[in-house]
Amino acid sequence: MSYTEDMAKLEALLFVAGDPIAIDDIGTLLEISRDEALGMLEQLKRRYQRDPLSGIVLREIEGAATLATNPGLSNTIEAYYGKIREQKLTDAAYETLAVVAYNAPATRAEIETVRGVNSDSVVARLIERGLVREVGTLETPGRPALLDVTEQFLLDFGLQSTRDLPPVDLMMYDTLTKFTQQTTKESQGVAPKPLVIAIDGPSGAGKSTVARLLSEHLGILCLDTGAMYRALGYKALQQGLEPSDPEAIRAMLAETTMEIDLSDRVQRTLIDGTDAAPYIRTPEASRAASDISVLPVCRDYCVRIQRELGKRQALILEGRDIGTYVFPDAPVKFFVTASPEVRAQRRLKDLEKAGTHTTLEEVLKEIEERDRQDSGRELAPTKQADDAILIDTSDMNATSVVDAMISAIRDNEREQPAWRSYGGGCV
Ligand code: DC
């Protein structure tokens, strides 16, 4: 068989296959050596690259080769496949794909630990779309399935292999769980505790913004605990109750259901099934939140939910008492603050954006009153934990605060022998 004929056959094979063909299989089919197959693939690749009239490119993926359309033509291709492509992947799907790619082969339980939410339905949809597949089972009780990304995923994302993925902090299951795991417990088969990062501080210090950015960077969900007190304070106001009346609030809480939905990364704080978000950022709701949060019955109600959530998944919690009361054992704690004037300026901006008109003096007065109440109360006041890292954000933007947090997390990781040796079994 001549070289010219082999080249034509190679192109025909790749064309009809659609999916990538293993290079060894190409060698067998054309009755040539692996090196000869690789040489011909290189030739074909160059031919497509040189030809400005070609809409085809040759891609090599993990020991296999395939034909694909030139990425520059994606608009035309997308127009043709309009209907399929219109079904864009959701954020949850992208995130799950990333978790699978970084941890492959990964079980559904590992994916859930990293994402912090049950991901079974997202995984099922990704399997249907041919982006994830089962590659085996783990030899443990229940024999959970092991999942990996498919060649289609590599193609769609322009990767030759998942090894080409850039490193992303804490996207990996092992890294995530090692923070809090003691090797002794590990050797006894105790399930690892998910990582908790506590961010406490007074209002307007920038906690929410940095918690959100840190959450995006680390790929860990984030819980705004203030929203829970705000939602309860708002409900009390709606019912004409005095938020600081312990008996009235006790009765109200007995009739209240609160659910926290973090599945889409945007927190939904559902009070009796309704998302409270649109109503809880007013000055009245802020006052009501501060008043109601003084009551032990209200704190018990919220802290129970917060601890449950932190037990199930890695979580960044922002609030006032996370490092001192809710999770005193959290391995990473920050206390974020700023001068009252700077905090008032920030809060004023937020209120104006939300269409609430007030003055800087009013806001400053309200902030100082709330500070007094939040840090003066008996149970779980706003307080820096002894082992928390203090960050004064008065002259810092959010990005530099997050950078400081990440380097503190890294330093901590280096300094803590228990963290470093987890998995190595040498403590
Ligand atoms: O963080 P924020 O401004 O949304 O909080 C509203 C109020 O809720 C705040 O004045 C005090 C209270 N709170 C609390 O007592 N404990 C928390 N962990 C979070 C908030």
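When a ligand or atom number is given, it counts from 1 through the structure's own listing order.
Electrostatic pairing of Lys311 and Glu308 counts as a salt bridge here, judged by a charged N lying under 4.0 Å from a carboxylate O. In summary, Glu134 and Arg108 engage in a salt bridge, as defined by a charged side-chain N under 4.0 Å from a carboxylate O. Salt bridge Arg281/Asp224: present, at least one basic N to carboxylate O contact under 4.0 Å. A salt bridge between Lys365 and Glu361 is absent, with no side-chain N of the basic residue lying under 4.0 Å from a carboxylate O of the acidic one.
Looking from atom 13 (N) of ligand 1 to the surrounding protein, the closest heavy atom is Tyr229 CD1, 3.6 Å. For atom 6 (C) of ligand 1, the nearest protein heavy atom (residue, atom name, distance) is Arg370 NH1, 3.5 Å. Of the protein's non-hydrogen atoms, Arg299 NH2, 2.6 Å is the one closest to atom 15 (O) of ligand 1. The shortest contact between atom 19 (C) of ligand 1 and any protein heavy atom is with Thr225 OG1, 3.4 Å. For atom 18 (N) of ligand 1, the nearest protein heavy atom (residue, atom name, distance) is Asp321 OD1, 2.8 Å.
By the neighbour-count criterion of 12 heavy atoms within 6.0 Å, atom CZ of Arg250 is sparsely surrounded, having that number or fewer from other residues, nucleotides or ligands.
At a heavy-atom distance under 4.0 Å, atoms from both the backbone and the side chain of Arg320 approach ligand 1. Contacts between Arg230 and ligand 1, counted as non-hydrogen atom pairs separated by less than 4.0 Å, involve the side chain only. Neither the backbone nor the side chain of Glu318 comes within 4.0 Å of ligand 1, counting heavy atoms alone.
When only modelled atom types and interatomic distance are considered, Asn397 and Ser400 share a side-chain donor-acceptor pair under 3.5 Å. If you check the side chains of Thr269 and Gln267, you find a donor sitting under 3.5 Å from an acceptor.
Close contacts between ligand 1 and Ser293 involve ligand atoms 11 (C), 12 (C), 15 (O) [criterion: under 4.0 Å to a heavy atom]. The contact set between ligand 1 and Arg377, taken as ligand atoms under 4.0 Å from a residue heavy atom, comprises 14 (C), 15 (O), 16 (N). Near Ser203, meaning under 4.0 Å from one of its heavy atoms, ligand 1 places the atoms 3 (O). Residue Ser290 approaches ligand 1 through these ligand atoms, each under 4.0 Å from one of its heavy atoms: 10 (O).
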For this session: Would you sort out whether Ser203 and Arg320 count as a side chain to side chain contact (heavy atoms under 4.5 Å, CB included), showing the intermediate values?
Result: CA-CA 9 Å; Ser203 71; Arg320 303 287 191 285; 3.5 Å; yes
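Nearest to atom 10 (O) of ligand 1 by heavy-atom distance, out of Asp374, Thr382, Ile367, is Asp374.
Taking the six-membered ring where tryptophan is involved, the planes of Tyr234 and Tyr279 are essentially parallel, since the angle between them stays under 30° and well short of 60°.
Residue Met228 places no heavy atom under 4.0 Å from ligand 1.
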